[in-house]
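See below for the structure under consideration.
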Amino acid sequence: MKKVVLAYSGGLDTSVCIPLLREHYGYDEVIAVTVDVGQPEEELKEARVRAEKLSDSFVMVDAKQEFVHNCIFPLVKANGSYEGYVLGTAMARPLIARHVVEVALREGANALAHGCTGKGNDQLRFDAVFRTTDLEVIAPMRELSLTREEERRYAAEHGISFERNDGKDKDNDKNKRWSVDENMWSRSIEGSELEDPAFSPPEEVFRWTASIEEAPEEPELLQISFERGVPVSVNGTEQDGVALIKMLNAIGGKHGIGRTDMMEDRVLGFKAREIYEHPAATILLEAHRDLERLILTRNELRFKELVDRAWSELVYQGLVMDPLFDALNAFIDKTQERVNGTVYLKLNKGVARVVGRESPYALYSKEVSFDVKREQRTAEGFSLYHGFQSRLAAITRGGDK
Ligand code: ARG
């Protein structure tokens, strides 16, 4: 009795994987696992309906709290961003993979499977976690290179319809020509015409954010408080992490905040055109970075930039089990001990602008920073040596001739 556990999203690729694992790979039992990291309710419901039809058994894991506390909040502390991408998909993959592994070990499965193709980053992120076990790793999409059309036909033969729909069905992303990956932190849209970097995305690809034109004229003020680098309240009201992120996505989205259209350097080396929506991420990252600038020393800030970047690269590559990742988090957590305070933002027409900040740990005070007149003279000695090496260089260059 050969058993395989599949990371299942409910979309075309992973749905096609289920019969393929039986018919092409010879597995007797396919267990589909869907991990809830804040996908739309509709998508989760669809995944359940399809999995119950196609697979032998279906497991749904609610990982929303875990996603917020173990992935999103560490990202905020690390100002996580890869070339401007807020890493939503990248962070979710290892978490999903870990839950799939857990089910596989519990069920005594022989293999692990995912529906990633051989072009993207996700295959690497899944594989990296899957290979921490000695179970077989199967990636039918990477191994069989089927076209979308072939997949649709194959799905139909197994009683699952994924009609091609050219964007008219507003409620069903998964059927559309775009490939969408959505969780609480970001929504990513790629594929089809969007693969042409020159193609301007039609408004219909966006679901979370209003266009600049649609966004209200009237700005909205927002107040976010942080404790140890983590957001804890909005406009003075304490919020649970999941609720806080949902709320900021709604408010920010209304103002058209957090749209990214970018060229991205994938791990394999090729450039890809990517479109993202992430209002809460934009707001929280703007606010957090600003608060750090009030609180951390210049030395801490400069060094932390390097750490933040290394952190983001590891997350992008799906190498969060590298011991370096733990070490970077330890450093980051140390710096965040003092990152308590409140940031004031103004949201308007696609921009979240910080308009004020305060903290009991601020390294700024009007009294201390600009002290009484008599002390200004002491700067003269400092100033005498400032630029000393530059002056000396100019003089020695004079000796060239
Ligand atoms: N390029 C991003 C990443 O590597 C997002 C990929 C999301 N996939 C999708 N089908 N939209 O994390």
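When a residue number appears, it is its place in the shown sequence, counting from 1. Counting starts at 1 for both ligands and their atoms, in listed order.
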Short N or O contacts of ligand 1 with protein, under 3.5 Å, listed by atom name?
unit_1	atom_1	unit_2	atom_2	d
ligand 1	1 (N)	Glu264	OE2	2.8
ligand 1	1 (N)	Glu274	OE2	3.1
ligand 1	1 (N)	Tyr276	OH	3.0
ligand 1	4 (O)	Asn121	ND2	2.7
ligand 1	4 (O)	Arg125	NH1	3.2
ligand 1	4 (O)	Arg125	NH2	3.0
ligand 1	10 (N)	Ser179	OG	2.6
ligand 1	10 (N)	Glu190	OE2	3.4
ligand 1	11 (N)	Ser179	O	3.2
ligand 1	11 (N)	Ser188	OG	2.6
ligand 1	12 (O)	Tyr85	OH	2.6
ligand 1	12 (O)	Arg125	NH1	2.8
ligand 1	12 (O)	Arg125	NH2	3.1

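Remark: the backbone N or O of Lys45 is not paired with any side-chain donor or acceptor of Arg50 at under 3.5 angstrom. Side-chain atoms of Glu358 do not come within 3.5 Å of backbone N or O of Thr342 as any donor-acceptor pair.
Shortest non-hydrogen contact noted between Val315 and Met91 is CG1-CG, 3.7 Å.
For residues 102-112, no pair satisfies side-chain hydrogen bond (donor to acceptor under 3.5 Å, both in side chains), with sequence neighbours left out.
Seen from the ring of Tyr316, Arg125 counts as a face-on cation partner, given the 6.0 Å and 45° thresholds.
Looking only at atom types and distance, the side chain of Glu149 has no donor-acceptor partner in the side chain of Tyr154 under 3.5 Å away.
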